[in-house]
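Since the structure comes first, as structure tokens, the remarks are kept for the end.
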Amino acid sequence: MSFNEKCYAVLRKVPCGKVTTYGALAKAIGKPLAARAVGNAMNKNLYAPQVPCHRVIGSDGKMVGFASGISKKIKMLKKEGVEVKNGRVDLDKFLFELK
DNA sequence: ACGGTGACGCTCA
DNA sequence: TTGAGCGCCACCG
């Protein structure tokens with residue numbers, strides 16, 4: 001089980017209408033400071049349609065990166081019931097507690 | 001084994 | 001409040 005696989009495993013648990021952050025995800029894996037590495041894993045995204053990488057956002061609730069386009073990402077989230085304002089998400093309400 | 005790269009995160013100006 | 005800088009970790013050539 002390589003690092004990126006763990007990322008996918010945890011991310012896969014995030015339900016619709018909820019989101020998580022790279023930092024939280026990294027922390028859940030056991031590497032609180034590996035947020036960057038997580039992003040790297042998402043970028044590779046070997047498990048493309050299987051993993052909801054669009055539910056992963058920045059620690060401040062701002063969308064970052066995403067090769068497919070931020071706009072599209074926002075669209076998908078809103079579609080799932082996540083309230084997005086100016087490319088921002090209310091972490092207090094939509095941040096999923098990873099365990 | 002080494003160095004470069006990147007979908008991050010925090011601090012300081 | 002926004003922008004720039006520095007430190008992190010894992011993957012790839």
Side-chain angles (χ1 to χ4, degrees):
Chain A
M1 176 79 89
S2 55
F3 179 82
N4 49 20
E5 287 182 16
K6 288 183 182 178
C7 296
Y8 307 136
V10 178
L11 180 54
R12 219 169 17 193
K13 302 189 312 178
V14 181
C16 298
K18 289 283 185 179
V19 298
T20 187
T21 67
Y22 294 93
L25 185 51
K27 190 175 182 181
I29 296 170
K31 311 287 188 203
L33 306 179
R36 207 164 190 177
V38 175
N40 197 324
M42 293 299 102
N43 184 243
K44 312 274 182 184
N45 200 355
L46 311 172
Y47 297 58
Q50 192 175 159
V51 182
C53 33
H54 60 277
R55 290 185 201 148
V56 187
I57 61 183
S59 62
D60 55 354
K62 181 76 177 66
M63 325 279 206
V64 285
F66 210 65
S68 303
I70 307 299
S71 305
K72 195 160 187 176
K73 187 170 178 179
I74 296 173
K75 223 172 177 181
M76 297 173 79
L77 290 174
K78 294 183 76 173
K79 211 170 181 182
E80 294 184 354
V82 179
E83 187 179 340
V84 184
K85 296 179 179 182
N86 296 36
R88 283 262 168 111
V89 179
D90 297 355
L91 294 177
D92 299 310
K93 296 175 178 158
F94 301 102
L95 179 59
F96 178 71
E97 297 286 339
L98 296 170
K99 290 178 184 170

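Lettering of chains follows the sequences in order, A, B, ..., and the numbering in each one begins at 1.
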Study note, to complete from the structure: Here the distance between atom P of B/dC8 and atom NZ of A/Lys44, to the nearest Å, is 14 Å
Point to revise | Length of the NZ-C1' vector between A/Lys27 and B/dC10, whole Å | key: 15 Å
Review point. DNA chain C: A/Arg36 or A/Ser2, which has the more 5' nearest nucleotide?
Key: A/Arg36
Review point. CG of A/Leu33 versus P of C/dC6: gap in Å, rounded?
Key: 19 Å
Check your understanding: Do A/Asp60 side-chain atoms and A/Lys62 backbone N/O form a donor-acceptor pair below 3.5 Å?
Key -> yes
Practice item. Would you kindly compare A/Asn40 and A/Thr21 by the position of their nearest DNA chain B nucleotide and give the one closer to the 5′ end? Key: A/Asn40
**Study point:** Value in whole Å for how far the P atom of C/dC11 lies from CE of A/Met42
**Key:** 11 Å
Exercise for review: Looking only at side-chain atoms of A/Ser59, point me to the closest of B/dC10, B/dA7, C/dC9.
Suggested key: B/dC10
Review point. Over how many whole Å does the gap from A/Lys62 atom NZ to C/dT2 atom P extend?
Key: 11 Å
**Study point:** Whole-Å gap separating C1' (C/dC9) and NZ (A/Lys6)
**Key:** 13 Å
Review point. CG of A/Asn4 versus P of B/dG6: gap in Å, rounded?
Key: 18 Å
Practice item. Look only at the side chain of A/Tyr8 and the backbone of A/Ala41, and say whether a donor-acceptor pair between them is shorter than 3.5 Å. Key: yes
Check your understanding: With sugar-phosphate meaning primed atoms plus P, OP1 and OP2, does A/Phe66 contact a base, only sugar-phosphate, or nothing at under 4.0 Å between heavy atoms?
Key -> base
**Study point:** Rounded distance (nearest 0.5 Å) linking atom CG of A/Asn4 with atom CD1 of A/Ile29
**Key:** 9.0 Å
**Study point:** Nucleotide of B/dC8, B/dC10, C/dA10 approaching A/Val64 most closely (side-chain heavy atoms)
**Key:** B/dC8
Practice item. Please work out if A/Ala37 contacts a base, only the sugar-phosphate, or nothing of the nucleic acid, heavy-atom cut-off 4.0 Å. Key: base
Exercise for review: Please check if the side chain of A/Lys18 supplies one atom and the backbone of A/Glu97 the other of a donor-acceptor pair under 3.5 Å.
Suggested key: no
Review point. Any sub-3.5 Å donor-acceptor pair from A/Lys13's side-chain atoms to A/Lys99's backbone N or O?
Key: yes
Review point. A/Ile29 has an atom CD1; how far is it from atom P of C/dA10, in whole Å?
Key: 10 Å
